[in-house]
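This chain uses plain numbering: 1 for the first residue, then up along the sequence.
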Amino acid sequence: MSDTKIKVGIINVTGYAGLELVRILLNHPYVQICSVTGRSQAGLRLNEIYPQIDCDIVIDTQLSKQEEVVFSALPNGAGVEILSGLVDAGVKVIDISGDFRLNDAVLYEQWYGYKHSAPQYLSKAVYGLPELNRGKIKDANFIANPGCYPTCVLLALAPALQNQLITGDIVVDCKSGMSGAGRTLVLSSHFCEANENVTPYKVAAHRHQPEMAQEAAKLLGEAVYLTFVPHVIPMTRGICASCYVPLKKDVLTADALQIYRDFYKDEPFVRVLDMPPSTKYSYGSNKAFVNVAIDAANHRLMAFGAIDNLVKGAAGQAIQNMNLMCGLPETLGLENVPLFP
C-alpha cells in the first residue's frame with residue numbers, strides 16, 4: 001500500500017450518517033478528510049459544533065475539488081445531479097441516500113415521490129453490500145450504499161435465499177433505534193412521544209421495501225413478495241430484524257445453521273450465532289450478527305439479524321466499500337470492538 005492518503009470529501013456532514021463518517025474516518029490510516037459540506041452550519045469548524053470530534057476542518061457549502069472519493073449523505077432526491085456530475089468527472093462516489101439503489105426509475109415515483117432526473121445512472125451504480133457484491137464493488141467508481149433495514153434483512157436471509165431453502169413469500173418485522181429517523185425534528189421523535197413506546201410506521205409504504213424485494217429476488221432467482229413492517233423503539237442505535245418465510249424443502253435447524261456458517265465463513269464483519277442476536281452486540285461497530293432457526297411445525301424458516309444502523313447500516317458500510325474500491329484491506333479503519341453495555 002502507498003503511504004499517500006486518499007483525499008475524501010463528505011457532502012452533508014452535519015446529519016448522523018455524515019458525522020459518523022467523520023468519526024470513523026479520523027481513525028483511518030490512509031484517508032485525509034479534505035472537505036466537508038453542510039449549508040446550515042457553513043463557516044463553523046466541526047469541533048465547534050461537536051466537541052467530541054477532534055477535527056477542526058471548516059464546514060463549507062461546496063467541495064474543494066481535490067477529492068478522490070466523495071461520500072454523500074444528502075437527503076433522498078437532493079443529490080442526483082450533483083453525484084452524477086462527480087461520477088462523470090472521474091471521482092469515486094459513495095451515495096448513502098436511496099437515490100441510486102433501485103434498478104427501475106419508475107419505482108422512484110411510486111416509493112420516493114419524485115421523478116428520477118438521471119435514470120441512466122441507475123445501471124452504473126453498484127449496490128454496495130460487500131458480502132454479496134464484493135467483486136463488482138472492487139471495480140466500481142459509483143456505489144449505492146444500501147439502506148439500513150435492507151442491510152440487516154438481506155444479511156439475515158441471503159444464505160437461505162441463495163441456497164433455495166425458502167420461497168419468495170417473505171414477512172419481515174424490524175425494530176430500529178431513533179437515530180434511524182435522522183436529525184430533523186418531528187413530533188414522533190420528541191422524548192415524551194417516543195419514550196416507553198413502540199410504534200409501527202410507514203406500513204406498506206417504507207422506501208426500503210422495494211430495495212429489499214429487488215435484491216432478495218436476485219438471490220432467489222425469482223420474484224418475491226415481501227411484507228415489511230418497521231417499528232421505532234426508544235433507543236438510540238441498532239436494528240433488529242426478524243424474518244419469517246415458508247420452506248421450500250425440509251431442513252433441520254442444525255443444517256440451516258451450517259449453511260449460514262459456510263456462507264459467511266470468510267466474511268470479516270458477519271457473525272453467525274447459535275441464538276437470535278441482540279442489537280447491543282453490534283453497538284458502535286461495523287459487525288452484523290445473524291441467526292437462523294426452523295419452525296418445523298409450521299414448515300417455516302425464521303432468520304434474525306442485528307446491526308448498528310449508523311455503522312454497518314450507513315457510514316461503516318460506506319467506508320468498507322471505499323476500502324474495496326481503492327484496493328485497501330476491507331477492514332481498514334473498521335476494526336473497533338462494539339461498545340458494551
### Query
Do you know the tightest heavy-atom contact between Pro200 and Val229?
CB-CG1, 4.2 Å
### Query
Under a single-linkage definition using a 4.5 Å side-chain heavy-atom cutoff for Ile, Leu, Val, Met, Phe, Trp and Tyr, are Leu46 and Leu25 assigned to the same hydrophobic cluster?
yes
### Query
When you look at Asp262 and Gln258, which way does the side-chain hydrogen bond (donor to acceptor under 3.5 Å, both in side chains) test go after all the steps?
CA-CA 6 Å; Asp262 291 343; Gln258 190 57 52; 2.9 Å; yes
### Query
Measuring from Asn145:CG to Tyr127:OH, what's the distance to the nearest 0.5 Å?
9.0 Å
#### Entry: NZ/Lys138: more than 12 non-hydrogen atoms of other groups inside 6.0 Å
no
### Query
How long is the span from the CZ atom in Arg207 to the CE atom in Met212, to the nearest 0.5 Å?
14.0 Å
### Query
Should the ring pair Tyr149 and Tyr201 be called parallel, tilted or perpendicular, given that the plane angle runs from 0 to 90° and is split at 30 and 60?
tilted
### Task
Among Leu324, Val126, Asn133, Val93, find the residue that satisfies the side chain to side chain contact (heavy atoms under 4.5 Å, CB included) test when tested with Ile143.
Val126
#### Entry: Interatomic spacing from CG in Asp88 to CG in Leu83 - rounded to 0.5 Å
11.0 Å
#### Entry: Derivation of the side-chain hydrogen bond (donor to acceptor under 3.5 Å, both in side chains) call for Gln320 and Lys312
CA-CA 9 Å; Gln320 187 179 355; Lys312 183 59 174 170; 2.9 Å; yes
### Message
Taking atom CG as the centre, does Asp54 end up with more than 12 heavy-atom neighbours from other residues, nucleotides or ligands that are less than 6.0 angstrom away?
### Response
no
### Task
For the pair Arg261 and Asp274, find out whether any cationic side-chain nitrogen is under 4.0 Å from an anionic carboxylate oxygen.
yes
### Task
With side-chain hydrogen bond (donor to acceptor under 3.5 Å, both in side chains) as the test, would you mind laying out the steps for Ser123 and Gln120 before giving the verdict?
CA-CA 6 Å; Ser123 61; Gln120 68 274 24; over 6 Å; no
### Message
With clusters defined by side-chain heavy atoms of hydrophobic residues (ILVMFWY) lying less than 4.5 Å apart, directly or transitively, does Val311 cluster with Val13?
### Response
yes
### Message
Please report the interatomic distance CD1(Ile59) to CG(Asn12), rounded to the nearest 0.5 Å.
### Response
10.0 Å
### Task
Classify the ring geometry between His28 and Tyr30 as parallel (under 30°), tilted (30 to 60°) or perpendicular (over 60°).
perpendicular
### Summary
Here the gap from Leu165 atom CG to Ile259 atom CD1, rounded to the nearest 0.5 Å, amounts to 4.5 Å
### Query
Cluster question for you: counting only ILVMFWY and a side-chain heavy-atom cut-off of under 4.5 Å, with indirect links fine, are Leu132 and Ile307 together?
yes
### Query
Can the ring centroids of Phe100 and His116 be said to lie less than 6.0 angstrom from one another?
yes
#### Entry: Salt bridge flag under 4.0 Å for residues Glu267 and Arg134
yes
### Message
Any carboxylate oxygen within less than 4.0 angstrom of a Lys/Arg side-chain nitrogen, looking at Lys265 and Glu131?
### Response
no
### Message
I'd like to know if Glu211 pairs up with Arg101 as an ion pair, taking the criterion as any Lys NZ or Arg NE/NH1/NH2 lying under 4.0 Å from an Asp or Glu carboxylate oxygen.
### Response
yes
### Query
Passes salt bridge (Lys or Arg N to Asp or Glu O under 4.0 Å), Arg183 versus Glu20? Steps please.
CA-CA 13 Å; Arg183 295 191 73 204; Glu20 195 75 346; over 6 Å; no
### Message
Less than 4.0 angstrom from a charged side-chain N to a carboxylate O is my criterion; do Lys287 and Glu335 meet it?
### Response
no
### Task
Please determine if Arg237 and Asp308 form a salt bridge, counting it only when a charged side-chain N lies under 4.0 Å from a carboxylate O.
yes
### Message
Go through it in stages, so that I can follow the logic: the residues are Gln66 and Lys7, the test is side-chain hydrogen bond (donor to acceptor under 3.5 Å, both in side chains), and I'd like the CA-CA distance, side-chain angles, deciding distance and then a yes or no.
### Response
CA-CA 7 Å; Gln66 303 175 57; Lys7 292 182 174 61; 5.4 Å; no
### Query
Quick check: are there more than 12 heavy atoms from other residues, nucleotides or ligands sitting under 6.0 Å from CD of Glu81?
no
